[in-house]
Amino acid sequence: MFSNTKEVISALADQKYIASDEIGTVLFLAEKLGKPVLSEGPAGVGKTELGKVWAKATGRTLIRLQCYEGLDESKALYEWEYAKQMLYTQLLRDKLQVILKDATSLSDAANRLAEEEDVFFSERFLLARPLLQAIISPEPALLLIDEIDRSDTEFEAFLLEVLSDFQVSVPELGTLTARHQPMVILTSNNTRELSEALKRRCLYLSINYPSHEEELRVVRLRVPELNQRVAAQVVDVVQNLRAMDLKKHPSVAETLDWAKALVMLNADNLDEHTLETTLTVLLKHESDVQRAKRELNGGNLTRRGGTGRPSLPSNFQGGRPRGRS
Ligand SMILES: Nc1ncnc2c1ncn2[C@@H]1O[C@H](COP(=O)(O)OP(=O)(O)OP(=O)(O)O)[C@@H](O)[C@H]1O
Ligand SMILES: [Mg+2]
């Protein structure tokens, strides 16, 4: 499909996603090797979006499994539609009465019913959840397993089986095997360490805050109506904020929200007043806002490289900033 990483990066750019060389390389290899990708990084750096745009760029159907604590097989793989089975039982009551009419005993009646049970445990009543949907999809699919670190370790172990075989055994129906092996992207915010076994099966991709140049390209692509000079100022400020010791650094998502807010305000220059009144679009903790205002008064926030080197978020353990090697 793609013959080199540059083609991958350009296909993502067509979907308005700015990808580093590292992202391009990992996705290229994932396609060639048929391996899942595990993308890890802080909130709002484009992990989920990468799955969405990768599906679009390759013409695959996107199937998303959102993980959470307590997520189990029945919500991720399949369950029987009991309500529909009950409804059919009611509708077929007359027919069932005919079958059971001259049953001689309770066990005879049960045996006769058991002979008919295939009707009620057929694909008609099977509710496919995302993992099964990806496996039985008639079209090539991209399975986005979002925020896997929120699920329990038992679920992670179960996922390993599915990811290694791409087949599922439904006792009443037999084994269902993937017609096209789905492309899989898992995301994690690194709130807990994932198992080595899962990591081993995946190509690892660390996505971090973008470089100044990359972020400016994201803003220009996603909010083209923003004045070019203001766009550059926006990125200066955001990058400076990331170099500060804050409770929560602004992510790309917040940069874009801020850029859109400035368009709404018709801002054609990022003066001190505009900055001060809109800072809360970027920062969500009062102490961070106060700290940023102090830097603003010192003139450091708007100067490129004004507050020092960008730092990693305090809750992020792995990876390195994107765009560097
Ligand atoms: N490299 C990029 N190119 C284009 N848009 C980007 C890029 N990175 C982030 N974005 C934009 O930033 C926003 C947040 O991205 P996304 O929701 O994918 O982040 P996330 O890493 O999944 O965050 P979370 O961990 O909170 O779920 C989206 O609107 C996305 O379009
Ligand atoms: Mg996400």
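Atoms considered below: every heavy atom in the structure, side chains included; atoms not considered: hydrogens, waters and symmetry mates. Each ligand, and each atom within it, is numbered from 1 in the order the structure gives.
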| field | Any donor-acceptor N or O pair under 3.5 Å, side chains Thr187, Glu147 | value | no

| query | How does Asn189 reach ligand 1, if at all, at less than 4.0 Å between non-hydrogen atoms: by side chain, backbone, both, or neither? | reply | side chain

| request: Find all atoms of ligand 1 within a distance of less than 4.0 Å from any non-hydrogen atom belonging to Leu256, and give their numbers and elements. | output: 11 (C), 12 (O)

| said: I want to confirm something. Looking only at heavy atoms, which of Glu40, Glu147, Arg222 is nearest to atom 27 (O) of ligand 1? | reply: Glu147

| query | Within 45° of the axis and under 6.0 Å from the centre of the six-membered ring of Tyr78, does NZ or CZ of Arg129 qualify? | reply | no

| Distance only, no hydrogens: is a donor on one side chain within 3.5 Å (strictly under) of an acceptor on the other, for His249 and Asp288? | no

| said: List the residues meeting ring-ring contact (aromatic ring centres under 6.0 Å, His included) with Trp54, not counting sequence neighbours, and say none if there are none. | reply: Phe2

| Is Val45 in polar range of ligand 1, meaning some N or O pair under 3.5 Å apart? | yes

| request: With atom 23 (O) of ligand 1 as the reference point, say which of Ala19, Gly44, Ala253 has the nearest heavy atom. | output: Gly44

| N-O pairing of Glu254 and Lys284 below 4.0 Å | yes

| remark: Filtering Ala13, Gly46, Pro42 for the heavy atom nearest atom 15 (O) of ligand 1 leaves Gly46

| Going by an N to O cut-off under 4.0 Å, is there a salt bridge joining Lys16 and Glu49? | no

| Are a donor atom and an acceptor atom from the side chains of Arg220 and Gln228 found within less than 3.5 Å of each other? | yes

| request: Would you tell me whether Ser195 and Glu156 have side-chain atoms, one donor and one acceptor, within less than 3.5 Å of each other? | output: yes

| Check ion pair Arg112-Asp102 (N to O, under 4.0 angstrom) | yes

| request: Can you check the number of protein N/O/S atoms within less than 2.8 Å of the Mg ion (ligand 2)? | output: 1

